[in-house]
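Only this structure's heavy atoms are used, side chains among them; waters, hydrogens and symmetry mates stay out. Letters A, B, ... are given to chains in the order of the sequence lines, protein chains preceding strands, and every chain is numbered from 1.
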Amino acid sequence: MATLQLHNIVKRFEGTEVIKGVDLEVNDREFVVFVGPSGCGKSTLLRMIAGLENATSGDIMIDGKRINEVGPAERGLAMVFQSYALYPHMTVEDNMGFSLKLGGVSKEERQRKVREAAAILQLEPLLERKPKALSGGQRQRVAIGRAIVRNPSIFLFDEPLSNLDAALRVQMRIELARLHEELDATMIYVTHDQIEAMTMADKIVVLQGGVVEQVGSPMELYHHPRNRFVAGFIGSPKMNFLAVERVSASPTGVEVRLPGGETCTVPVDGSSLRDDALTLGIRPEHLQLEPEGPLSGRIEVIERLGGVTSLYVRMQDTLVTVSADGNVENRVGDTLRFGFDRACAHLFDAEDLALPSLARHPLAGLNRQDNRAPSVAGGQ
Amino acid sequence: MTTLKTKQAIPAEGHLATTPASEARARHTPLVPSAGARRVWLTLLGWGIALLIFFPILWMVLTGFKSEAEAIADPSLIFTPTLESYVAVQARADYFKFALNSVVVAFGSTLLALAIAIPSAYAMAFLPTRRTKGTLLWMLSTKMLPPVGVLVPIYLIFRDFGLLDTRTGLIIVYTLMNLPIVVWMLYTFFKDLPRDILEAGRMDGASTFQEVVYLLLPLTLPGIASTGLLSVILSWNEAFWSLNLTSSNAAPLTAYIASFSSPEGLFWAKLSAASTMAIAPILVFGWLTQKQMVRGLTFGAVK
């Protein structure tokens with residue numbers, strides 16, 4: 001049970017600024033995911049919260065108290081590492097009970113707490129084993145168990161699933177979401193995988209180059225990205241970006257000329273728009289085959305996934321991804337016309353900032369808790 | 001009709017496929033030696049090289065069991081073994097006094113070196129600064145200095161502090177002598193340890209001391225052991241400082257051997273007997289621990 005605030009956090013490594021003034025608020029029992037490409041500073045930020053790295057300047061506060069100078073153990077946090085970082089010479093039980101042993105907890109009490117955590121993670125049959133006799137998924141669970149035993153105020157996860165294979169990753173993702181419900185604890189999770197971010201987070205923090213690009217619920221980021229980077233990073237397959245030209249702009253919409261020469265009006269607020277060269281962003285799932293559509297192109301590659309077919313279509317000099325129905329019968333080389341839902345389109349100015357949509361998406365405010373039925377939410 | 005054709009085609013094809021293969025096998029058998037023959041050759045080669053390296057020691061051991069007359073006669077493998085040299089050697093000097101000095105000095109200096117080197121290597125491996133690499137190289141460069149270059153100052157310092165001919169003095173010199181190598185080796189072993197494990201320990205509430213005792217030392221024990229073994233061997237075999245800084249009280253086995261090269265000439269049999277006794281403990285020690293040594297020295301490589 002804890003809140004975390006970051007105020008203007010800056011981190012410099014030998015003169016290079018890797019975190020450039022981050023402000024953030026993490027609420028009690030929230031599942032917050034830091035996401036961004038590698039080198040964006042997300043792990044460094046987490047390590048500063050953990051106390052493994054010092055902040056060059058700024059305040060790190062837990063429950064309103066500044067903890068910059070407090071050692072990692074005294075902060076009351078627990079961290080799960082990407083490499084699991086299990087102690088190879090200790091059994092699973094000793095691994096999980098190590099923090100209690102250091103804290104001078106009696107052997108019986110230690111055993112009881114370890115068994116409690118092991119029960120949550122179905123680790124009981126493995127307690128006597130050494131880490132090298134465990135599979136990747138089991139090791140990961142032991143690492144999580146080691147964190148649970150400490151009963152931390154905040155759980156920190158540093159890319160915990162990236163060493164697992166794809167199937168196990170999905171399974172552990174679900175397990176972590178379940179664990180968050182069960183433990184009802186504040187969790188901060190670092191990943192470069194936007195699917196993990198979308199599926200688990202209450203709040204996503206998108207980082208790039210040491211700067212927070214946007215903070216919001218998954219649906220907020222998907223439907224209302226603040227800029228082109230967030231738009232491209234969230235959502236899979238990636239959003240398509242087409243260079244368009246402004247025809248006219250008004251507070252009720254911006255009319256643009258598409259690559260093929262046709263024009264269309266995007267329902268965004270264009271009242272403060274100065275630039276002529278704009279970027280139109282359309283997600284692959286919002287493009288449809290439409291005989292009379294304003295866009296046209298030639299299919300270069302087809303990827304059939306069964307339920308969905310990805311068409312890679314050459315429109316002038318851009319390769320556009322279209323998520324089409326699984327049963328489309330088109331072939332490579334076909335020239336087709338496409339249409340799109342204007343309300344789902346995004347328009348970015350020359351600085352790559354998104355123009356504000358006229359209507360908020362009805363699900364933009366939804367977070368993960370809202371997915372639960374009321375009885376379940378109150379149950380734990 | 002078609003089915004019949006396919007049925008006929010299968011054995012025909014199978015026949016065609018096997019014939020060249022078996023021909024090739026027959027042709028290649030004499031050219032490529034089998035795995036067994038290869039192993040025999042490699043074993044013979046291994047034994048040959050080992051014997052070549054071991055030969056001087058073997059010859060020394062054999063000479064120790066000869067009489068003085070046989071020792072200087074034409075080299076011969078056939079002789080009547082005698083213990084007379086050993087008896088003579090033991091009558092002239094108390095082997096066990098020297099051996100005890102060697103043990104105390106070799107193990108004492110190794111323990112002291114490890115006690116200093118473990119914290120140093122920890123700091124260098126886990127809290128490096130811009131100068132860490134330079135410091136390490138500088139430490140190693142002191143090994144390139146000929147020891148005789150610092151003999152006079154060290155001798156004078158030892159004289160003034162009353163350390164001449166004391167075990168403490170030798171322990172100090174051997175510790176200083178081996179410290180660069182010990183720190184360097186421990187540094188490489190520590191660097192191989194994933195940082196995450198120590199950080200996990202820190203998150204679990206371990207102090208730096210607990211981190212070292214509960215995590216670092218158990219996990220790098222093979223490396224520490226092989227470093228320690230090397231330090232013991234180097235200290236045991238060291239002759240320059242022991243000859244110059246000791247006379248009787250603290251003299252280790254190297255001084256004991258040297259005492260048998262007397263002005264009236266070399267007595268090969270006695271010298272060999274003394275040398276055999278001097279190297280026997282460390283040789284046995286080396287054999288017993290060689291598995292550990294090899295494991296430690298290849299610690300990072302095989303992971």
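Only the side chain of Gln210(B) has a heavy atom closer than 4.5 Å to any heavy atom of chain A. For a residue to count as touching a neighbouring chain, one of its non-hydrogen atoms must lie under 4.5 Å from one of that chain's; by this rule Ala50(A) touches chain B with backbone and side chain alike. Neither the backbone nor the side chain of Leu100(A) has a heavy atom closer than 4.5 Å to any heavy atom of chain B.
Listed by first and then second residue, the side-chain hydrogen bond (donor to acceptor under 3.5 Å, both in side chains) pairs that reach into residues 64-80 of chain A are Asp59(A)-Arg66(A), Arg66(A)-Glu69(A), sequence neighbours excluded.
Leu102(A) CG to Glu211(B) CD: the interatomic distance, rounded to the nearest 0.5 Å, is 10.0 Å. To the nearest 0.5 angstrom, Lys101(A) atom NZ is 11.5 Å from Asp204(B) atom CG. Atom OH of Tyr214(B) sits about 12.5 Å away from atom OH of Tyr87(A), to the nearest 0.5 Å. The OG1 atom of Thr220(B) sits 9.5 Å away from the NE2 atom of His89(A) when rounded to the nearest 0.5 Å. In this structure, CZ in Phe81(A) is found 10.5 Å from CZ in Arg195(B), a value given to the nearest 0.5 Å.
Scanning both residues, Pro72(A) and Arg202(B), for their nearest heavy atoms gives CG-CG, 4.0 Å. Nearest heavy atoms, Ala73(A) versus Gly205(B): CB-CA, 3.1 Å.
Looking at heavy atoms from C-beta onward, Glu199(B) lies in side-chain contact with Arg47(A) at the 4.5 angstrom threshold. Using a 4.5 Å heavy-atom threshold, the side chains of Met203(B) and Val80(A) count as separate.
Under the 4.0 Å criterion applied to side-chain N and carboxylate O atoms, Glu14(A) and Arg130(B) are not assigned as salt-bridge partners.
No more than 12 heavy atoms of other residues, nucleotides or ligands sit less than 6.0 Å from atom NZ of Lys133(B). Around the CZ atom of Arg112(A), the shell of radius 6.0 Å holds more than 12 heavy atoms that belong to other residues, nucleotides or ligands.
Among residues two or more places apart in sequence or in another chain, the side-chain hydrogen bond (donor to acceptor under 3.5 Å, both in side chains) test is passed with Tyr174(B) by Glu238(B).
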